[in-house]
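A quick write-up on the structure given underneath.
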Amino acid sequence: MNLKTRKIAELDRVIHEPGRLMIVALLSAVEQCDFLYLQHETEMNKGTLSSHLSRLEEAGYIEVVKTYRGKIPQTLLSLTAEGRQAFAQYRRRMKEAL
Amino acid sequence: MDQIEKLMQRPKFYGNVDGVGELGVGFTFLGLGLLLWVQIGLPEDSVWNRMDVFFVCLGLLLLVSHYGIKAIKRRITYPRTGYAEVRTEYTIWSLVPGILGIIGIVLILTLPSPHWDLAHSRWKSTIPNAGVGLVLTMCYAINFARPIRWKWVVAGLMAIGAVAIASLPADMVAALDRDSRDFPWSTTTDRQMGVLLLTMLLDWALLLISGGISFVLYLRRTQPAAETEE
């Protein structure tokens, strides 16, 4: 296995999935945002977005806070320090591999 | 990788997705410009020329702008396209347009008048005045117009307006500032002040119009989301 192939194999699988990559890229540029914002930007349906968020939360990459805006439920999302580090590493490895 | 970089840029422009950022800036500065124009036209002992009245008006403009933007975001933007708090990372480059703008204005207000004398050279006088307008255009292009193509037309109008105003006949522009008092530290001619005021009024008015168009387009393109569990 050459070096480039090895770099690709080392990519973080949790982040590498296209849907989750979009989510993490967007979250990396914000302090926090709500579910609706991510849904609007990624154009995913609620179910798909929820499942990706659950996967990222399991990996410890995002923090999910359920709250209310007035009487309306609001889900606030932010990238954890671990998630930010993982995304930075993913970008670095991706650049090296390309 | 380019796609990822582009995606990471999107939240930076989300603050003005509804045009409210432009409306806020345009409202505040157009109000301030109009107040300055009123002050220039009135006698020195007019109540509008008192510093306390000026600061009260400025405070009111800032308050209306700040709470107006907040109210529109909370009632219209967040229920339609969601809430995002952008991560701000200031670098030295983000200060460049502001620094250039301040240097331009200071140069125009403080450089000796004879140097800019119209009788000797028309362009010597007009170039720095047009420069302020062009710096404002650059700020608009960087902060608001970059991701939206039709806003480049507004930026173009700003640039053309800056040059056109700086090229207006001297008597016409100087008449705007005919009754003004001179700042002790300034050697600005009436014409220069007139050009500066006209340029700023034009730019802030265009900003307000551009923000208004963005807001109407945003309302037409989006719908409030259904209030269901996420």
Side-chain angles (χ1 to χ4, degrees), chain A residues 11 15-16 18-54 64-79 81 83-84 87-88 90-98, chain B residues 1-21 67 69-91 93-94 142-144 146-148 214-230:
Chain A
L11 287 173
I15 295 179
H16 191 57
R20 288 196 286 271
L21 182 56
M22 280 169 77
I23 294 168
V24 174
L26 286 166
L27 284 176
S28 73
V30 298
E31 290 293 344
Q32 60 173 6
C33 66
D34 65 4
F35 187 91
L36 184 59
Y37 171 76
L38 277 185
Q39 198 186 353
H40 173 75
E41 288 289 344
T42 60
E43 295 177 355
M44 288 182 205
N45 63 43
K46 281 186 181 179
T48 311
L49 183 56
S50 285
S51 84
H52 283 316
L53 290 174
S54 300
V64 182
V65 178
K66 300 262 183 186
T67 179
Y68 284 88
R69 189 185 64 232
K71 289 177 181 175
I72 304 161
Q74 188 182 32
T75 307
L76 291 175
L77 307 142
S78 59
L79 214 55
R84 219 164 268 287
F87 182 55
Y90 172 84
R91 287 175 67 201
R92 205 169 39 245
R93 286 196 173 150
M94 195 69 172
K95 274 177 190 164
E96 285 167 4
L98 291 174
Chain B
M1 280 310 278
D2 286 349
Q3 298 286 335
I4 298 172
E5 302 291 335
K6 274 184 193 166
L7 206 57
M8 288 169 71
Q9 293 295 318
R10 286 180 69 90
K12 285 183 187 170
F13 297 103
Y14 184 67
N16 192 49
V17 69
D18 45 12
V20 172
Y67 287 105
I69 288 174
K70 264 188 147 177
I72 292 174
K73 291 274 180 200
R74 201 169 49 237
R75 287 170 192 275
I76 297 172
T77 311
Y78 298 157
R80 284 170 185 254
T81 49
Y83 156 81
E85 188 187 327
V86 178
R87 193 178 164 84
T88 44
E89 285 171 5
Y90 290 108
T91 63
W93 294 108
S94 48
I142 291 170
N143 291 305
F144 298 120
R146 234 187 320 168
I148 301 162
S214 301
F215 189 57
V216 170
L217 289 175
Y218 175 78
L219 290 179
R220 286 176 66 174
R221 284 175 189 159
T222 57
Q223 293 293 324
E227 295 166 12
T228 52
E229 190 66 44
E230 289 155 357

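In what follows, chains carry the letters A, B, and so on, assigned in the order in which the sequence lines appear, proteins first and then strands, with residues in each chain numbered from 1. From a predicted model like this one, the values you see are computed outputs, not experimental measurements.
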Largest heavy-atom contact set with chain B, pairs under 4.5 Å, which of A:K71, A:R91, A:Q39, A:M94: A:R91
A:Q74 and B:Y83: CA distance, side-chain angles, deciding distance, side-chain contact (heavy atoms from CB on, under 4.5 Å) verdict: CA-CA 10 Å; A:Q74 188 182 32; B:Y83 156 81; 4.0 Å; yes
Neighbour count above 12 (heavy atom, 6.0 Å) for B:K12 NZ: no
Distance (rounded to the nearest 0.5 Å) between A:S78 OG and B:R87 CZ: 10.0 Å
Which atom of A:R69 lies closest to which atom of B:P79, heavy atoms considered: NH2-CA, 3.9 Å
Which atoms of B:E5 approach chain A - backbone, side chain, both or neither, heavy atom under 4.5 Å: side chain
Heavy-atom side-chain contact between B:M8 and A:S28 under 4.5 Å: yes
B:Q3 CD: over 12 foreign heavy atoms closer than 6.0 Å: no
Rounded distance [0.5 Å steps], CD in B:E85 versus CG in A:L76: 9.5 Å
Heavy-atom check, side chain of A:F87 versus side chain of B:I4, under 4.5 Å: yes
Geometric class of the A:H40/B:Y14 ring pair [parallel <30°, tilted 30-60°, perpendicular >60°]: tilted
Within-4.5 Å side-chain heavy-atom neighbours: A:M22 and B:L7: yes
Donor-acceptor contact present, side-chain A:D34 to main-chain B:G82, <3.5 Å: no
Heavy-atom closest contact (A:L26 atom, B:P11 atom, distance): O-CG, 3.9 Å
